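Worth knowing before you read on, the calculation uses all heavy atoms, side chains too, and leaves out hydrogens, waters and symmetry mates. Worth saying up front: this structure is predicted, and the values here are computed from it rather than measured.
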Amino acid sequence: MVTAKKPPPPITARHVIRRSWKLLIVFSVALCLLALYRLHSQPDLYSPSSSLSRARSRIARHSVGFAGPAKIAFLFLARRDLPLDFLWESFFENAGGALNFSIYIHSAPGFVFDESTTRSRFFHGRQLPNSIQVGWGESSMIEAERLLFATALEDPVNQRFVLLSDSCVPLYNFSFIYNYLMASPRSIVDSFLDVKEGRYNPKMSPIIPKKKWRKGSQWIALIRRHAEVLVDDEVILPVFKKFCRRRPPVDIRKGKLNLKLQKQHNCIPDEHYVQTLLAMSELDGELERRTLTYTLWNNSPNKTESKGWHPMTFNHASAAPQKIREIKEINHVYYETEYRTEWCRINSTAVPCFLFARKFSKGAAMRLLSEGVVGHFDTAALLKPSPSKS
(Lines give C-alpha, C1' and ligand atoms only; values in the text may rest on other atoms or scores of the structure.)
Protein backbone atom coordinates (compact mmCIF):
# COMPACT_ATOMS: atom_id res chain seq x y z
CA MET A 1 0.00 0.00 0.00
CA VAL A 2 1.51 3.36 -1.06
CA THR A 3 1.25 6.17 1.44
CA ALA A 4 0.66 9.56 -0.12
CA LYS A 5 3.29 12.20 0.74
CA LYS A 6 2.16 15.27 2.54
CA PRO A 7 2.57 18.45 0.50
CA PRO A 8 5.24 20.87 1.85
CA PRO A 9 3.88 23.60 4.04
CA PRO A 10 3.19 26.82 2.17
CA ILE A 11 5.94 29.49 2.30
CA THR A 12 4.60 32.41 4.15
CA ALA A 13 5.42 36.02 3.43
CA ARG A 14 7.03 36.33 6.87
CA HIS A 15 9.42 33.45 6.04
CA VAL A 16 10.41 35.08 2.75
CA ILE A 17 11.10 38.42 4.45
CA ARG A 18 13.18 36.76 7.18
CA ARG A 19 15.30 34.85 4.66
CA SER A 20 15.81 37.99 2.56
CA TRP A 21 17.02 39.91 5.61
CA LYS A 22 19.52 37.16 6.44
CA LEU A 23 20.91 37.19 2.90
CA LEU A 24 21.15 40.98 2.97
CA ILE A 25 23.06 40.93 6.26
CA VAL A 26 25.49 38.27 5.01
CA PHE A 27 26.04 40.19 1.78
CA SER A 28 26.65 43.46 3.69
CA VAL A 29 29.15 41.82 6.03
CA ALA A 30 30.98 40.32 3.05
CA LEU A 31 31.20 43.75 1.37
CA CYS A 32 32.57 45.31 4.57
CA LEU A 33 35.22 42.62 4.91
CA LEU A 34 36.23 43.02 1.26
CA ALA A 35 36.51 46.81 1.64
CA LEU A 36 38.57 46.40 4.82
CA TYR A 37 40.91 43.95 3.09
CA ARG A 38 41.47 46.28 0.14
CA LEU A 39 42.08 49.22 2.47
CA HIS A 40 44.82 47.35 4.34
CA SER A 41 46.33 45.67 1.28
CA GLN A 42 46.82 48.88 -0.70
CA PRO A 43 49.98 50.87 0.16
CA ASP A 44 49.82 54.31 1.66
CA LEU A 45 50.35 56.68 -1.27
CA TYR A 46 52.38 58.98 0.95
CA SER A 47 54.57 56.41 2.68
CA PRO A 48 58.29 56.14 1.85
CA SER A 49 57.88 52.57 0.61
CA SER A 50 55.05 53.55 -1.73
CA SER A 51 56.97 56.55 -3.07
CA LEU A 52 60.01 54.34 -3.62
CA SER A 53 57.92 51.70 -5.43
CA ARG A 54 56.56 54.29 -7.85
CA ALA A 55 60.06 55.65 -8.44
CA ARG A 56 61.39 52.12 -9.08
CA SER A 57 58.81 51.64 -11.84
CA ARG A 58 60.24 54.68 -13.65
CA ILE A 59 63.91 53.72 -13.32
CA ALA A 60 65.81 53.29 -16.56
CA ARG A 61 68.03 50.28 -15.87
CA HIS A 62 71.77 50.41 -16.52
CA SER A 63 71.47 48.41 -19.74
CA VAL A 64 69.47 51.24 -21.34
CA GLY A 65 71.55 53.35 -23.72
CA PHE A 66 71.68 57.15 -23.74
CA ALA A 67 72.98 59.93 -25.94
CA GLY A 68 75.36 62.69 -24.94
CA PRO A 69 77.84 62.94 -22.06
CA ALA A 70 77.26 60.98 -18.85
CA LYS A 71 76.02 63.01 -15.89
CA ILE A 72 76.90 63.19 -12.22
CA ALA A 73 73.79 63.34 -10.04
CA PHE A 74 74.39 65.58 -7.03
CA LEU A 75 72.06 64.39 -4.26
CA PHE A 76 71.58 66.90 -1.44
CA LEU A 77 70.18 65.70 1.87
CA ALA A 78 69.00 68.94 3.52
CA ARG A 79 67.17 69.83 6.72
CA ARG A 80 65.34 72.62 4.93
CA ASP A 81 67.18 75.14 2.72
CA LEU A 82 70.75 75.01 1.41
CA PRO A 83 72.65 77.70 3.34
CA LEU A 84 75.76 77.37 1.14
CA ASP A 85 73.82 77.76 -2.12
CA PHE A 86 75.93 80.78 -3.13
CA LEU A 87 79.06 78.61 -3.21
CA TRP A 88 77.36 75.86 -5.19
CA GLU A 89 76.02 78.50 -7.60
CA SER A 90 79.62 79.37 -8.46
CA PHE A 91 80.58 75.70 -8.68
CA PHE A 92 77.81 74.81 -11.16
CA GLU A 93 78.18 78.11 -13.02
CA ASN A 94 81.71 76.99 -13.93
CA ALA A 95 80.56 73.56 -15.09
CA GLY A 96 80.21 74.69 -18.70
CA GLY A 97 76.46 74.11 -18.97
CA ALA A 98 74.02 71.65 -17.43
CA LEU A 99 74.72 68.80 -19.86
CA ASN A 100 76.95 66.84 -17.48
CA PHE A 101 75.26 67.17 -14.09
CA SER A 102 71.85 67.01 -12.46
CA ILE A 103 70.62 68.06 -9.01
CA TYR A 104 68.16 66.46 -6.60
CA ILE A 105 67.28 67.74 -3.12
CA HIS A 106 65.54 65.95 -0.27
CA SER A 107 64.31 68.68 2.05
CA ALA A 108 61.55 69.10 4.62
CA PRO A 109 58.16 68.05 3.19
CA GLY A 110 56.52 70.98 1.43
CA PHE A 111 59.64 73.15 1.20
CA VAL A 112 60.10 74.57 -2.31
CA PHE A 113 63.31 75.91 -3.82
CA ASP A 114 62.55 79.06 -5.81
CA GLU A 115 63.58 82.73 -6.03
CA SER A 116 62.32 83.36 -2.48
CA THR A 117 64.24 80.53 -0.80
CA THR A 118 67.57 80.20 -2.64
CA ARG A 119 70.18 82.42 -4.28
CA SER A 120 71.00 79.78 -6.88
CA ARG A 121 68.92 79.22 -10.00
CA PHE A 122 70.41 75.73 -10.25
CA PHE A 123 68.32 74.65 -7.25
CA HIS A 124 64.98 76.02 -8.46
CA GLY A 125 62.37 73.25 -8.46
CA ARG A 126 64.92 70.53 -7.69
CA GLN A 127 63.26 69.35 -4.46
CA LEU A 128 61.69 65.88 -4.37
CA PRO A 129 57.88 66.01 -4.40
CA ASN A 130 57.69 62.94 -2.15
CA SER A 131 60.11 63.90 0.63
CA ILE A 132 59.55 62.60 4.16
CA GLN A 133 60.20 63.88 7.66
CA VAL A 134 63.71 62.79 8.68
CA GLY A 135 65.05 62.21 12.18
CA TRP A 136 68.76 61.99 12.94
CA GLY A 137 69.83 58.46 13.84
CA GLU A 138 66.56 56.99 12.58
CA SER A 139 65.78 54.72 9.63
CA SER A 140 63.97 57.66 8.00
CA MET A 141 67.45 58.96 7.11
CA ILE A 142 68.25 55.98 4.90
CA GLU A 143 64.72 56.02 3.47
CA ALA A 144 65.31 59.62 2.38
CA GLU A 145 68.63 58.61 0.79
CA ARG A 146 66.91 55.81 -1.13
CA LEU A 147 64.29 58.26 -2.42
CA LEU A 148 67.07 60.51 -3.75
CA PHE A 149 68.83 57.65 -5.54
CA ALA A 150 65.58 56.24 -6.92
CA THR A 151 64.55 59.62 -8.36
CA ALA A 152 67.98 60.21 -9.89
CA LEU A 153 67.95 56.75 -11.47
CA GLU A 154 64.91 57.73 -13.55
CA ASP A 155 67.31 59.62 -15.83
CA PRO A 156 69.44 57.07 -17.77
CA VAL A 157 72.12 59.71 -18.38
CA ASN A 158 72.96 59.85 -14.66
CA GLN A 159 75.91 57.47 -14.27
CA ARG A 160 77.52 58.64 -11.02
CA PHE A 161 75.62 59.53 -7.85
CA VAL A 162 77.13 61.65 -5.06
CA LEU A 163 75.36 62.06 -1.71
CA LEU A 164 76.03 65.39 0.01
CA SER A 165 74.83 67.20 3.13
CA ASP A 166 73.60 70.79 3.32
CA SER A 167 76.93 71.76 4.96
CA CYS A 168 79.18 70.17 2.31
CA VAL A 169 81.51 72.19 0.09
CA PRO A 170 83.51 71.19 -3.00
CA LEU A 171 87.29 71.38 -2.67
CA TYR A 172 87.92 71.54 -6.43
CA ASN A 173 86.23 72.99 -9.49
CA PHE A 174 83.61 71.06 -11.43
CA SER A 175 85.93 69.84 -14.18
CA PHE A 176 88.33 68.19 -11.72
CA ILE A 177 85.53 66.46 -9.79
CA TYR A 178 83.76 65.30 -12.97
CA ASN A 179 86.90 63.74 -14.46
CA TYR A 180 87.85 62.16 -11.12
CA LEU A 181 84.49 60.40 -10.70
CA MET A 182 84.01 59.40 -14.32
CA ALA A 183 87.50 57.89 -14.51
CA SER A 184 86.72 55.42 -11.73
CA PRO A 185 84.73 52.27 -12.59
CA ARG A 186 84.13 51.72 -8.85
CA SER A 187 81.83 53.14 -6.23
CA ILE A 188 83.62 55.10 -3.52
CA VAL A 189 82.16 54.00 -0.18
CA ASP A 190 83.79 54.26 3.23
CA SER A 191 83.39 50.69 4.54
CA PHE A 192 85.18 48.84 7.30
CA LEU A 193 84.66 46.17 9.94
CA ASP A 194 82.90 47.44 13.05
CA VAL A 195 84.37 45.46 15.94
CA LYS A 196 84.51 48.04 18.75
CA GLU A 197 81.19 49.77 19.29
CA GLY A 198 78.89 46.78 19.60
CA ARG A 199 76.25 48.19 17.29
CA TYR A 200 75.63 44.84 15.64
CA ASN A 201 72.44 43.33 17.05
CA PRO A 202 72.54 39.50 17.22
CA LYS A 203 68.82 39.52 16.40
CA MET A 204 69.78 40.51 12.84
CA SER A 205 71.11 37.00 12.29
CA PRO A 206 70.75 34.94 10.16
CA ILE A 207 69.60 37.53 7.58
CA ILE A 208 72.63 39.71 8.33
CA PRO A 209 75.52 37.63 9.73
CA LYS A 210 78.03 39.44 11.91
CA LYS A 211 80.86 38.87 9.42
CA LYS A 212 78.99 41.05 6.89
CA TRP A 213 78.37 43.91 9.32
CA ARG A 214 80.09 47.10 8.14
CA LYS A 215 80.42 50.73 9.21
CA GLY A 216 81.40 53.88 7.36
CA SER A 217 80.64 57.43 6.37
CA GLN A 218 77.15 58.24 5.16
CA TRP A 219 78.52 60.38 2.32
CA ILE A 220 79.03 58.05 -0.63
CA ALA A 221 79.53 58.07 -4.40
CA LEU A 222 77.95 55.18 -6.33
CA ILE A 223 78.14 53.94 -9.88
CA ARG A 224 74.75 53.31 -11.47
CA ARG A 225 74.63 49.55 -10.96
CA HIS A 226 75.30 49.87 -7.24
CA ALA A 227 72.67 52.62 -6.94
CA GLU A 228 70.18 50.15 -8.39
CA VAL A 229 71.16 47.60 -5.74
CA LEU A 230 70.43 50.22 -3.10
CA VAL A 231 66.92 51.10 -4.27
CA ASP A 232 66.00 47.49 -5.10
CA ASP A 233 66.73 46.24 -1.58
CA GLU A 234 63.70 44.73 0.17
CA VAL A 235 65.59 42.39 2.52
CA ILE A 236 68.20 44.35 4.48
CA LEU A 237 66.21 47.55 5.12
CA PRO A 238 63.38 45.85 7.11
CA VAL A 239 66.00 44.27 9.39
CA PHE A 240 67.60 47.67 9.98
CA LYS A 241 64.25 49.30 10.72
CA LYS A 242 63.54 46.66 13.34
CA PHE A 243 66.93 46.09 14.99
CA CYS A 244 69.13 49.13 14.25
CA ARG A 245 67.82 52.06 16.29
CA ARG A 246 69.48 54.97 18.02
CA ARG A 247 69.44 54.82 21.80
CA PRO A 248 67.50 57.81 23.23
CA PRO A 249 69.78 60.56 24.58
CA VAL A 250 69.94 61.20 28.31
CA ASP A 251 67.08 63.46 29.41
CA ILE A 252 67.32 64.75 32.99
CA ARG A 253 63.55 65.24 33.05
CA LYS A 254 63.07 61.47 32.83
CA GLY A 255 65.02 60.80 36.03
CA LYS A 256 65.57 57.12 36.79
CA LEU A 257 63.92 56.11 33.53
CA ASN A 258 67.22 57.08 31.86
CA LEU A 259 68.88 54.04 33.46
CA LYS A 260 66.47 51.76 31.63
CA LEU A 261 66.66 53.68 28.35
CA GLN A 262 70.47 53.63 28.33
CA LYS A 263 70.42 49.83 28.45
CA GLN A 264 68.75 49.72 25.03
CA HIS A 265 70.82 48.58 22.05
CA ASN A 266 72.36 51.54 20.22
CA CYS A 267 72.74 51.66 16.44
CA ILE A 268 72.92 54.51 13.91
CA PRO A 269 71.36 53.20 10.64
CA ASP A 270 72.94 55.65 8.19
CA GLU A 271 76.47 54.70 9.34
CA HIS A 272 75.94 51.03 8.53
CA TYR A 273 73.16 50.45 5.99
CA VAL A 274 74.77 51.03 2.58
CA GLN A 275 78.06 49.45 3.64
CA THR A 276 76.36 46.32 5.01
CA LEU A 277 74.00 46.06 2.02
CA LEU A 278 76.90 46.13 -0.45
CA ALA A 279 78.84 43.59 1.63
CA MET A 280 75.78 41.32 1.71
CA SER A 281 75.59 41.70 -2.09
CA GLU A 282 79.24 40.53 -2.37
CA LEU A 283 80.27 43.89 -3.83
CA ASP A 284 83.13 44.76 -1.46
CA GLY A 285 85.58 43.99 -4.25
CA GLU A 286 84.00 46.60 -6.52
CA LEU A 287 84.51 49.49 -4.10
CA GLU A 288 87.12 52.08 -3.29
CA ARG A 289 86.65 51.62 0.46
CA ARG A 290 86.97 55.25 1.54
CA THR A 291 84.92 58.43 1.53
CA LEU A 292 85.25 61.49 -0.72
CA THR A 293 84.03 63.85 2.01
CA TYR A 294 86.47 65.10 4.64
CA THR A 295 85.18 65.55 8.19
CA LEU A 296 87.15 66.89 11.16
CA TRP A 297 86.11 64.91 14.23
CA ASN A 298 86.23 66.00 17.86
CA ASN A 299 85.93 63.53 20.75
CA SER A 300 84.21 65.66 23.38
CA PRO A 301 80.85 65.92 25.15
CA ASN A 302 77.88 67.58 23.53
CA LYS A 303 74.48 68.64 24.83
CA THR A 304 72.88 65.21 24.65
CA GLU A 305 75.73 62.74 25.18
CA SER A 306 78.47 62.51 27.79
CA LYS A 307 81.12 61.49 25.28
CA GLY A 308 81.40 60.75 21.61
CA TRP A 309 82.88 61.76 18.27
CA HIS A 310 81.24 64.81 16.72
CA PRO A 311 81.98 66.66 13.46
CA MET A 312 83.50 70.10 13.98
CA THR A 313 82.25 73.10 12.03
CA PHE A 314 84.71 75.11 9.96
CA ASN A 315 84.40 78.88 10.42
CA HIS A 316 86.06 81.71 8.51
CA ALA A 317 89.28 81.45 10.56
CA SER A 318 89.65 77.66 10.44
CA ALA A 319 89.01 77.53 6.68
CA ALA A 320 92.37 79.17 6.01
CA PRO A 321 94.18 78.32 2.75
CA GLN A 322 96.82 76.31 4.62
CA LYS A 323 94.17 74.05 6.18
CA ILE A 324 92.42 73.52 2.85
CA ARG A 325 95.78 72.61 1.26
CA GLU A 326 96.44 70.10 4.05
CA ILE A 327 93.09 68.41 3.40
CA LYS A 328 93.71 68.30 -0.36
CA GLU A 329 97.16 66.76 0.16
CA ILE A 330 95.84 63.73 2.10
CA ASN A 331 96.56 60.66 -0.02
CA HIS A 332 95.70 57.76 2.29
CA VAL A 333 93.42 56.74 5.16
CA TYR A 334 94.26 54.26 7.93
CA TYR A 335 91.54 51.93 9.27
CA GLU A 336 92.46 50.78 12.75
CA THR A 337 89.88 47.98 13.04
CA GLU A 338 91.30 46.27 9.94
CA TYR A 339 94.95 47.39 10.25
CA ARG A 340 94.45 48.60 6.69
CA THR A 341 95.89 51.60 4.90
CA GLU A 342 93.69 52.69 2.01
CA TRP A 343 95.82 54.50 -0.55
CA CYS A 344 93.68 56.79 -2.64
CA ARG A 345 93.92 55.74 -6.28
CA ILE A 346 91.88 55.84 -9.45
CA ASN A 347 92.91 53.17 -11.96
CA SER A 348 96.25 52.72 -10.16
CA THR A 349 96.96 56.45 -10.33
CA ALA A 350 97.51 58.26 -7.03
CA VAL A 351 94.87 60.93 -6.42
CA PRO A 352 93.84 63.18 -3.51
CA CYS A 353 91.45 61.38 -1.19
CA PHE A 354 88.85 64.11 -0.71
CA LEU A 355 86.73 66.04 -3.22
CA PHE A 356 84.37 67.55 -0.64
CA ALA A 357 84.44 68.62 3.00
CA ARG A 358 81.98 69.32 5.83
CA LYS A 359 80.73 70.95 8.04
CA PHE A 360 81.26 74.48 6.71
CA SER A 361 79.65 77.67 7.98
CA LYS A 362 78.63 80.50 5.65
CA GLY A 363 81.74 82.43 6.66
CA ALA A 364 83.98 79.49 5.81
CA ALA A 365 82.24 79.02 2.46
CA MET A 366 82.71 82.71 1.64
CA ARG A 367 86.43 82.33 2.30
CA LEU A 368 86.61 79.40 -0.14
CA LEU A 369 84.97 81.58 -2.76
CA SER A 370 87.32 84.48 -2.15
CA GLU A 371 90.28 82.10 -2.49
CA GLY A 372 88.92 80.90 -5.85
CA VAL A 373 88.68 77.24 -4.83
CA VAL A 374 85.63 76.44 -6.99
CA GLY A 375 86.08 79.09 -9.68
CA HIS A 376 85.80 82.82 -10.21
CA PHE A 377 83.19 84.54 -8.04
CA ASP A 378 82.42 88.13 -7.13
CA THR A 379 82.02 88.06 -3.35
CA ALA A 380 80.35 91.49 -3.51
CA ALA A 381 77.27 89.64 -4.75
CA LEU A 382 76.92 88.17 -1.27
CA LEU A 383 76.19 91.63 0.12
CA LYS A 384 72.78 91.55 -1.58
CA PRO A 385 69.80 90.81 0.71
CA SER A 386 69.24 87.11 1.34
CA PRO A 387 66.02 85.54 0.02
CA SER A 388 63.36 85.11 2.68
CA LYS A 389 62.92 81.66 4.21
CA SER A 390 59.23 80.82 3.98
Q. Do side-chain atoms of Arg367 reach the backbone of His316 as a donor and acceptor pair under 3.5 angstrom?
A. yes
(Q) For Phe113 versus Ile105, what's the shortest heavy-atom pair and its separation? (A) CE1-CG2, 3.7 Å
**Q.** Distance-only polar pair, side chains of Thr118 and Ser120, donor-acceptor under 3.5 Å
**A.** no
Q | Considering all heavy atoms, the nearest Ile132-Ser140 contact | A | CD1-O, 3.7 Å
Q: Identify which one of Lys215, Arg199, Gln218 satisfies the side chain to side chain donor-acceptor pair (under 3.5 Å) criterion when paired with His272.
A: Arg199
Q) Going by atom types only, do Asp114 and Ser116 share a side-chain donor-acceptor pair under 3.5 Å? A) yes
Q. In Å, rounded to the nearest 0.5 Å, how long is the span from CZ of Phe123 to CG of Asp85?
A. 6.5 Å
**Q.** Cation-pi, Tyr104 ring and Arg126 (6.0 angstrom, 45 degrees)
**A.** yes
Q | Minimum-distance pair of heavy atoms, taken over all atoms of Glu138 and Pro269 | A | C-CG, 3.9 Å
(Q) Angle between ring planes, Tyr172 versus Phe176, binned at 30° and 60°: parallel, tilted or perpendicular? (A) parallel
Q: For the residue pair Thr313 and Ser318, establish whether any side-chain heavy-atom pair is separated by less than 4.5 Å.
A: no
Q: Any chance you could measure Cys244, atom SG, to Ile236, atom CD1, to the nearest 0.5 Å?
A: 12.0 Å
Q: Give a yes or no on whether the backbone of Ile223 and the side-chain of Ser187 come within a donor-acceptor separation of less than 3.5 Å.
A: yes
Q: Might you confirm whether atom NZ of Lys323 has over 12 heavy atoms from other residues, nucleotides or ligands at distances under 6.0 Å?
A: yes
**Q.** Leu287: which of Ile220, Leu278, Ile188 passes side chain to side chain contact (heavy atoms under 4.5 Å, CB included)
**A.** Leu278
Q) Is the closest side-chain heavy-atom distance between Met366 and Phe86 below 4.5 Å? A) yes
Q: Answer whether the closest heavy-atom distance between the side chains of Val373 and Val169 falls below 4.5 Å.
A: no
Q: Working to the nearest 0.5 Å, report the span between CZ of Phe354 and CD1 of Ile327.
A: 8.5 Å
Q. Passes side-chain contact (heavy atoms from CB on, under 4.5 Å), Thr117 versus Asp81? Steps please.
A. CA-CA 7 Å; Thr117 58; Asp81 64 332; 5.7 Å; no
Q) Can you find a heavy atom in the side chain of Pro170 that is under 4.5 Å from one in the side chain of Phe356? A) yes
Q. Are there more than 12 heavy atoms of other residues, nucleotides or ligands under 6.0 Å from atom CZ of Arg340?
A. yes
Q.
Between Phe76 and Trp88, is the ring centroid distance below 6.0 Å?
A. yes
(Q) If we ignore hydrogens and angles and just use 3.5 Å, is the side chain of Thr295 paired with the main-chain N or O of Pro311 as donor and acceptor? (A) no
Q.
When you measure from the side chain of Ser107 to the backbone of Gln127, do you find a donor-acceptor pair of N or O atoms at a distance under 3.5 Å?
A. no
Q: For residues Ser184 and Arg160, report the shortest heavy-atom separation together with the two atoms involved.
A: O-NH2, 3.0 Å
Q) Less than 4.5 Å apart, any side-chain heavy atom of Lys241 and any of Glu143? A) yes
Q) What are the two closest non-hydrogen atoms of Ile268 and Arg246, and how far apart are they? A) CD1-CG, 3.7 Å
(Q) I'd like to know whether Tyr294 forms a side-chain contact (heavy atoms from CB on, under 4.5 Å) with Leu296, so could you lay out the CA-CA distance, the side-chain angles of the two residues, the decisive distance to 0.1 Å, and finally the verdict. (A) CA-CA 7 Å; Tyr294 177 84; Leu296 181 61; 3.5 Å; yes
Q.
Counting C-beta onward and ignoring hydrogens, is there a side-chain heavy-atom pair between Tyr273 and Met141 closer than 4.5 Å?
A. no
Q.
Would you compute the distance between atom SG of Cys353 and atom CZ of Arg290 and round it to the nearest 0.5 angstrom?
A. 5.5 Å
(Q) With clusters defined by side-chain heavy atoms of hydrophobic residues (ILVMFWY) lying less than 4.5 Å apart, directly or transitively, does Trp343 cluster with Tyr180? (A) no
Q: Would you name the heavy atoms of Asn158 and Lys71 that are closest together and state the gap between them?
A: OD1-CB, 3.4 Å
Q. Does atom OH of Tyr334 have more than 12 heavy-atom neighbours, drawn from other residues, nucleotides or ligands, at distances under 6.0 Å?
A. yes
Q) So do Asp233 and Val229 actually touch side chain to side chain, heavy atoms under 4.5 Å? A) no
Q. Hey, what do you get for CG (Asp194) to OH (Tyr200), rounding to the nearest 0.5 Å?
A. 12.0 Å
Q. For the side chain of Gln159 and the backbone of Pro156, is there at least one donor-acceptor N/O pair under 3.5 Å apart?
A. yes
(Q) Any non-hydrogen side-chain atom of Arg289 less than 4.5 Å from a side-chain atom of Asp190? (A) no
Q: State whether the side chain of Arg186 and the backbone N or O of Asn347 hold a donor-acceptor pair below 3.5 Å, judged by distance alone.
A: no
Q: Answer yes if the ring centres of Phe92 and Phe74 are under 6.0 angstrom apart, and no otherwise.
A: yes
Q.
Run Glu371 and Ile324 through side-chain contact (heavy atoms from CB on, under 4.5 Å) and show every step you take.
A. CA-CA 10 Å; Glu371 298 291 339; Ile324 301 303; over 6 Å; no
Q: Test Leu193 against Arg214 for side-chain contact (heavy atoms from CB on, under 4.5 Å), laying out the working first.
A: CA-CA 5 Å; Leu193 297 175; Arg214 300 289 187 272; 3.3 Å; yes
Q. Under 4.5 Å between side-chain heavy atoms, hopping through other hydrophobics if needed: is there a path connecting Phe360 to Ile330?
A. yes
Q. What is the distance from atom CZ of Arg245 to atom CZ of Phe240, rounded to the nearest 0.5 Å?
A. 13.5 Å
